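Positions are given from 1 along the sequence. In this text the structure is predicted, and so the values were computed from the model without any measurement. For ligands, and for the atoms within them, numbers begin at 1 and follow the listed sequence.
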Amino acid sequence: MKAIILVGGEGTRLRPLTLHRLKSMVPMAGRPFLEYQFALLRRHHVREITLSICHKPDLIRRAFGSGKKYGVTLHYATEDKPLGTAGAIKNAERYVAGGREPVAVLNGDELTDWDFTRMAAFHQKHGALITIGLTWIADPTSYGLVLFNSRGRVTRFVEKPSLDEARSHWINSGLYIFNPRAFTLIPEGAAYSAERELFPNVLKQGECVCAYAGRHYWKDIGTPAKYHQAHIDILEGRLPMLPVGTPWRGKHRLRIGRACRLHQTARLYDPGIIGDNCQVGEEAQIGEFAVLGRRVKVEPRAVLQRCVIWDEVVVGEGARLTGCLVGAGCRIGRYAQVSPGAVLGDNAVIPDYSQV
Ligand code: GDD
Ligand code: MG
């Protein structure tokens, strides 16, 4: 099986973190997010992956190259203007077509250990045109709602249902298997949405669209709160599948990268991650669930807890960071506080605390 990953969205809900990078490239527990999807697909023997891209195409090509490093072959299908989710799938067709094999399609912002092998077997057994992977969610209103019958056939698809329409808790996980024939039902070169156009239309035409629900870890990382929670889940060991070469597994571990300078009076708690070349000063505290990127400098007596700090951040003396997300290159002043829910974009500067 080959795969298409949709990575052409702008990641607006994750701003300001996505102002300078794609959502699929944000660091997730120290690795670019897409590496998790590569690892997942490889586990299911998918080695040829097409990234369907739109914004910042050079950035993404430079970051992931041929894919060799991750044990996969990457192709890039680039849009001149956003084609919507189905248009983007169609635009990648040339790299996956030519056989009778079904194709795995993934939204580029789902963190999961989905069993694509089982899903593909289910898809074949049911002779489906498209199989949609489902997850149970208490509040389905920010997802695609999927209604299906006792034979596992989808009967209705409602993208972002209102509270009144939300008559089920099963939502589209953004993970699909497409039969090659499904590509012929998408118009070429035009903007077309999988969720708002393709799925409702093929259902109207009486095509066989199936619903596959498995027991999986699944989370979309598209908002700051979910992005943060995904880190906590990884640190708690809830995601067994990690990128190639990740040198740590399981829970209750503090992973410390190479060439770090950690003062002997600093207090470090697990679980957490301290990236390569970090410095932690006297009596500073790196509390539980703190994730530090590379070359982060934590000055004396600063306290960090449950926060995600990207590369090259400087945390001033005595500063307190709790429950926040801090973009690359930020400067946090002395004794400043960054509170739960705060999201700082790259290079933000928080001044020193003054009692004036
Ligand atoms: N190439 C390309 N071109 N990719 C796109 C485009 C486009 O025009 N528009 C969106 N994408 C990519 C995004 O980068 C993302 O990886 C994926 O398609 C889904 O877009 P989102 O913007 O993240 O959609 P969503 O989160 O609101 O909803 C989708 O995901 C939910 C699950 O997380 C839908 O598929 C929902 O039905 C689903 O429940
Ligand atoms: Mg999304």
Side-chain angles (χ1 to χ4, degrees), residues 3-15 17-18 21-26 28 32-34 36-37 49-57 59-61 75-93 95-96 104-112 114 130-147 154 156-161 165-166 168-176 178 186-187 189-200 203 209 211-213 216-227 229-230:
I4 298 170
I5 307 180
L6 303 177
V7 287
E10 283 194 88
T12 50
R13 284 161 292 180
L14 206 48
R15 281 180 184 157
L17 296 175
T18 43
R21 54 180 69 64
L22 291 166
K23 181 163 57 171
S24 47
M25 293 171 68
V26 294
M28 176 61 68
F33 178 71
L34 268 186
Y36 289 82
Q37 294 198 327
I49 302 171
T50 300
L51 300 181
S52 193
I53 60 181
C54 184
H55 307 281
K56 305 186 173 70
L59 201 67
I60 195 155
R61 279 171 190 271
H75 305 286
Y76 297 88
T78 313
E79 299 151 43
D80 299 329
K81 55 177 185 350
L83 288 176
T85 43
I89 295 168
K90 180 76 176 173
N91 196 42
E93 184 180 9
Y95 296 110
V96 295
V105 179
L106 294 78
N107 282 352
D109 59 349
E110 322 293 4
L111 179 68
T112 178
W114 205 259
I130 297 170
T131 295
I132 302 179
L134 305 188
T135 296
W136 195 99
I137 292 279
D139 175 7
T141 52
S142 47
Y143 299 97
L145 182 80
V146 181
L147 301 179
V154 175
R156 228 183 132 203
F157 191 103
V158 190
E159 184 64 11
K160 312 280 169 5
E165 287 173 308
S168 156
H169 293 281
W170 289 103
I171 59 108
N172 167 25
S173 312
L175 306 167
Y176 317 102
F178 270 52
I186 307 173
Y192 201 61
S193 161
E195 298 85 351
R196 295 183 195 277
E197 293 170 287
L198 179 67
F199 300 153
L203 285 172
V209 179
Y212 172 82
H216 306 97
Y217 172 87
W218 179 87
K219 178 163 285 327
D220 84 283
I221 61 143
T223 64
K226 291 180 197 162
Y227 170 74
Q229 183 61 43

Is it the case that ligand 1 has an N or O less than 3.5 angstrom from some N or O of [X]?
| X | value |
| --- | --- |
| Thr85 | no |
| Ser142 | no |
| Phe157 | no |
| Trp218 | no |
| Gly84 | yes |
| Pro82 | no |
| Asp220 | no |
| Cys54 | no |
| Gly174 | no |
| Gly9 | yes |

Should Tyr176 be listed as contacting ligand 1, given a heavy-atom distance under 4.0 Å as the test?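 Yes.
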Quick check on Glu10 - does any of its heavy atoms sit under 4.0 Å from an atom of ligand 1? no
Kindly indicate whether the side chain of [X], heavy atoms from C-beta on, has any atom under 4.5 Å from the side chain of [Y].
| X | Y | value |
| --- | --- | --- |
| Tyr227 | Met28 | yes |
| Arg61 | Thr78 | yes |
| Glu79 | Ser52 | yes |
| Tyr36 | Ile221 | no |
| Val209 | Phe199 | no |
| Val96 | Ile4 | yes |
| Trp218 | Leu175 | yes |
| Pro224 | Leu14 | yes |

Protein heavy atom at shortest distance from [atom]:
| atom | result |
| --- | --- |
| atom 27 (O) of ligand 1 | Lys160 NZ, 2.7 Å |
| atom 3 (N) of ligand 1 | Glu79 OE1, 3.1 Å |
| atom 26 (O) of ligand 1 | Arg13 NH2, 3.4 Å |
| atom 23 (O) of ligand 1 | Asp109 OD2, 2.9 Å |
| atom 38 (C) of ligand 1 | Asn172 O, 3.2 Å |
| atom 15 (C) of ligand 1 | Leu6 O, 3.8 Å |
| atom 4 (N) of ligand 1 | Gly8 N, 3.0 Å |
| atom 30 (O) of ligand 1 | Asn107 ND2, 3.0 Å |

Show me which atoms of ligand 1 lie under 4.0 Å from any heavy atom of [X].
| X | result |
| --- | --- |
| Ser52 | 1 (N) |
| Gly144 | 36 (C), 37 (O), 38 (C), 39 (O) |
| Glu159 | 28 (O), 34 (C), 36 (C), 37 (O) |
| Glu110 | 30 (O), 32 (C), 33 (O) |
| Lys23 | 23 (O) |
| Glu195 | 34 (C), 35 (O), 37 (O) |
| Leu83 | 8 (O) |
| Val7 | 14 (O) |

Given that the side chain starts at C-beta and the backbone is N, CA, C, O, which of these parts of Ile5 lies under 4.0 Å from ligand 1, counting heavy atoms, or is it both or neither?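 The answer is neither; Ile5 stays 4.0 Å or more away.
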Lys160/Glu195 salt bridge by N-O under 4.0 Å criterion: no
Any N/O/S atom from Asp109 (main chain or side chain) under 2.8 Å of the Mg ion (ligand 2)? yes
Under the rule for side chain to side chain contact (heavy atoms under 4.5 Å, CB included), what residues qualify as partners of His75, not counting sequence neighbours? Glu48, Thr50, Thr73, Tyr95
Do other residues, nucleotides or ligands put more than 12 heavy atoms under 6.0 Å from the CG atom of Asp80?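 Open.
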From the options Lys23, Lys219, Lys226, select the one residue that forms a salt bridge (Lys or Arg N to Asp or Glu O under 4.0 Å) with Asp109. Lys23
Hey, what's the ring geometry for Phe178 with Tyr176, parallel, tilted or perpendicular (30° and 60° as the breaks)? perpendicular
Main-chain N/O of Ser193 paired to Glu197 side chain as donor or acceptor, under 3.5 Å: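 Flag set: sc Glu197 to bb Ser193 pair under 3.5 Å.
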Please identify which of these residues, Thr18, Val7, Leu59, Leu34, meets the side chain to side chain contact (heavy atoms under 4.5 Å, CB included) condition with Met25. Leu59
Cut-off 3.5 Å, side chains only: do Glu110 and Ser173 have a donor facing an acceptor?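 Ser173 and Glu110 do not have a side-chain donor-acceptor pair below 3.5 Å.
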CG/Leu145 to CG/Leu134 distance, rounded to the nearest 0.5 angstrom? 10.0 Å
